[in-house]
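Here is the structure we will look at.
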Amino acid sequence: MAEVESRRDDPAPVCICVLCGLPAAGKSTLSRAVSRGAAKFGWRATVVTYDDLIPDPAFLTELPVNPVDLQEPTQWKSQRQAVLHCIEQFLKNPRVFPEFPGGCQFMGSNPRTPSERVYHLDEAPILLLLDDNFYYPSMRYEVFQLARENSLSFCQVYLQCSLELCLSRNQTRPHPVPADVISEMNKRLVAPNSQKNSWENNSITLDTTNTLTVNDIQRVMECIRSAFNNPLSPIEDNTEQKEADRQKCAASILHQTDQACRRLISEAMKTARDNRVPSDTMKTLAAQLNESKNRFLHNLRTQSLQQSPFTPEEDINVDLVVKRAVGLFGHETKEIMSTVINSDS
């Protein structure tokens with residue numbers, strides 16, 4: 001396996017490798033194995049473990065319940081962005097080790113004195129292993145953007161493991177993550193998909209049901225080596241096109257949600273007729289359901305879609321967004337029917 005090409009006059013090449021998957025899927029075990037093997041390739045490996053950097057209260061913030069469910073909890077998101085900002089600071093000046101959230105210092109594997117760390121970082125390619133769940137594509141895309149804007153290399157390793165096994169492993173940890181948090185995260189987890197997101201094309205999947213094998217580690221090292229030899233290039237500003245694409249995606253979600261809500265109202269009215277609800281009550285029911293629909297779509301448009309960072313590179317699962325939104329409206333429809341019909345009894 002060829003070493004990464006680098007000239008002494010150039011800044012040390014940098015590769016950011018995202019390790020994603022459920023808690024207890026094996027990310028920390030993999031990061032340690034890759035760190036140990038990095039020296040054979042002439043790389044200086046550093047593991048950035050988000051669990052050590054982001055305070056528990058931020059991690060355990062209640063997950064959002066907005067209709068499209070696209071945004072992270074505000075506190076947690078701000079902490080994650082702070083970590084990326086510190087990484088960017090470090091990349092711009094490897095001689096300065098920034099302080100991360102929670103007071104943790106940026107330290108590489110096999111830490112030495114500051115002067116020795118500077119020497120290695122100046123002379124050898126730098127491998128940053130980001131150990132986190134990264135269950136939303138948007139979380140991973142932020143890292144990709146950082147790499148692209150700084151002409152760095154980028155790759156991803158998804159550790160695939162069943163929810164049941166992760167829950168079992170988690171219980172053996174000194175400080176286990178609450179089981180309901182892992183279960184909810186599993187529902188939201190979207191694995192890397194290069195067919196949907198072209199920016200995820202340098203990604204591999206490891207089945208971590210069993211112990212990691214030598215072949216697994218070799219696959220990861222080859223993925224990283226390939227990334228090192230193919231750094232990203234910044235793209236020209238295309239703000240207008242991004243906004244147009246975002247609006248198009250939002251409009252599609254609104255249209256499909258509107259059509260689905262109309263069907264729910266029709267079904268509700270049919271159910272009321274089948275139950276011989278009086279005509280006056282039918283009129284009241286229809287008026288309240290339509291008012292509820294209009295209010296629901298307005299909130300969806302103003303509070304969720306206008307604030308969601310849709311991008312061309314990150315394909316949004318429109319069907320899933322619509323399904324979740326319609327599910328909320330369906331619950332509201334049942335409550336209105338119950339209230340109106342019971343009040344007439």
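All heavy atoms count here, side chains included; hydrogens, waters and symmetry mates do not. We're numbering straight along the sequence, starting at 1.
Side-chain atoms of Tyr50 and Leu130, non-hydrogen and from C-beta on, do get closer than 4.5 Å to each other. Two residues are said to be in side-chain contact when any heavy atoms from C-beta on lie closer than 4.5 Å; Leu232 and Phe144 meet this criterion. Put simply, the side chain of Met269 does not reach to within 4.5 Å of the side chain of Ser266, judged on heavy atoms. At a threshold of 4.5 Å between non-hydrogen side-chain atoms, the residues Phe154 and Leu146 do not count as touching. Taking 4.5 Å as the limit, every side-chain heavy atom of Pro137 sits out of range of all side-chain heavy atoms of Lys196. Contact of the Phe134 side chain with the Glu142 side chain is not registered, since no non-hydrogen atoms from C-beta on lie closer than 4.5 Å.
With sequence neighbours excluded, no residue forms a salt bridge (charged side-chain N to carboxylate O under 4.0 Å, His left out) with Lys283. Shown here are the side chain to side chain donor-acceptor pair (under 3.5 Å) partners of Ser338, two or more places apart in sequence or in another chain: Asn342. With sequence neighbours left out, Asp274 forms a salt bridge (charged side-chain N to carboxylate O under 4.0 Å, His left out) with Lys270. Every side chain to side chain contact (heavy atoms under 4.5 Å, CB included) that Thr29 has, sequence neighbours left out, goes to Arg32, Leu212.
Asn133 CG to Ile182 CD1: the interatomic distance, rounded to the nearest 0.5 Å, is 8.5 Å. Summarising the geometry, atom CG belonging to Leu128 is positioned 5.5 Å from atom CD1 belonging to Ile16; distances are rounded to the nearest 0.5 Å. Here OH of Tyr135 is found 11.5 Å from CZ of Arg140. Values are rounded to the nearest 0.5 Å. The distance from atom CG of Leu30 to atom CG of Leu206, rounded to the nearest 0.5 Å, is 6.5 Å. Taking OG from Ser203 and CG from Asn201, the interatomic distance works out to 7.0 Å, rounded to the nearest 0.5 Å. Within the model, atoms OG1 of Thr281 and CG of Asn275 stand 12.5 Å from one another, a figure rounded to the nearest 0.5 Å.
Nearest approach of Ala124 to Gly42, heavy atoms of both residues: CB-O, 3.4 Å. Closest heavy-atom contact between Pro23 and Met185: CD-SD, 3.7 Å. The two residues Ala272 and Met282 make their nearest non-hydrogen contact at CB-SD, 3.4 Å. Taking both residues in full, the closest heavy atoms of Gln156 and Pro192 are given as NE2-CB, 3.6 Å, listed atom of the first, atom of the second, then distance.
A donor-acceptor contact shorter than 3.5 Å links the side chain of Ser31 to the backbone of Ser28. Under a 3.5 Å cut-off, the side chain of Asn170 and the backbone N or O of Ala24 do not form any donor-acceptor pair. Using a distance-only test at 3.5 Å, with no hydrogens or angles considered, a donor-acceptor pair links the side chain of Glu200 to the main chain of Asn193. Panel note: side chain Ser153, backbone Ala227; a donor-acceptor pair is recorded below 3.5 Å. A distance-only check finds a donor-acceptor pair linking the side chain of Asp216 to the backbone of Thr213 [under 3.5 Å]. Of the possible donor and acceptor atoms, none in the side chain of Asn150 sits under 3.5 Å from a partner among the backbone N and O of Leu152. For Asn197 (side chain) and Trp199 (main-chain N/O), no donor-acceptor pair under 3.5 Å exists by modelled atom type. Remark: the backbone N or O of Leu22 is paired with a side-chain donor or acceptor of Lys27 at under 3.5 angstrom.
When the side chains of ILVMFWY residues are joined at heavy-atom separations under 4.5 Å, either directly or via intervening members, Ile253 and Val190 end up in two distinct hydrophobic clusters.
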Side-chain donor/acceptor pairs under 3.5 Å, residues 157-166, sequence neighbours excluded:
unit_1 : atom_1 : unit_2 : atom_2 : d
Ser162 : OG     : Leu165 : N      : 3.2

*asked:* Run the side chain to side chain contact (heavy atoms under 4.5 Å, CB included) test on Cys15 and Cys155 for me, step by step, so that the C-alpha distance in whole Å, both residues' side-chain angles and the decisive distance to 0.1 Å come before the verdict.
replied: CA-CA 8 Å; Cys15 177; Cys155 62; 4.0 Å; yes
_Verdict with supporting geometry, Leu328 and Phe296, side chain to side chain contact (heavy atoms under 4.5 Å, CB included)_ = CA-CA 9 Å; Leu328 290 176; Phe296 181 82; 4.1 Å; yes
_Determine whether Ser252 and Gln256 satisfy the following criterion, side-chain hydrogen bond (donor to acceptor under 3.5 Å, both in side chains), listing intermediate values before the conclusion._
CA-CA 6 Å; Ser252 175; Gln256 293 187 44; 3.2 Å; yes
_Quick one, Gln81 with His85, criterion side-chain hydrogen bond (donor to acceptor under 3.5 Å, both in side chains). Give me CA distance, side-chain angles, the key distance, then yes/no._
CA-CA 6 Å; Gln81 290 175 339; His85 177 68; over 6 Å; no
*Kindly determine whether Glu222 and Arg225 satisfy salt bridge (charged side-chain N to carboxylate O under 4.0 Å, His left out), including the steps that lead there.*
CA-CA 5 Å; Glu222 175 59 28; Arg225 188 198 65 80; 2.8 Å; yes
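Ring geometry for Trp43 against Phe228 counts as tilted: the plane angle lies between 30° and 60°, on a 0 to 90° scale.
Geometric assessment of Arg148 against the ring of Tyr141 yields a negative cation-pi assignment under the 6.0 Å and 45° thresholds.
Each salt bridge (Lys or Arg N to Asp or Glu O under 4.0 Å) pair with one or both residues in residues 251-268, not counting sequence neighbours, appears once here: Asp258-Arg262, Asp258-Lys293.
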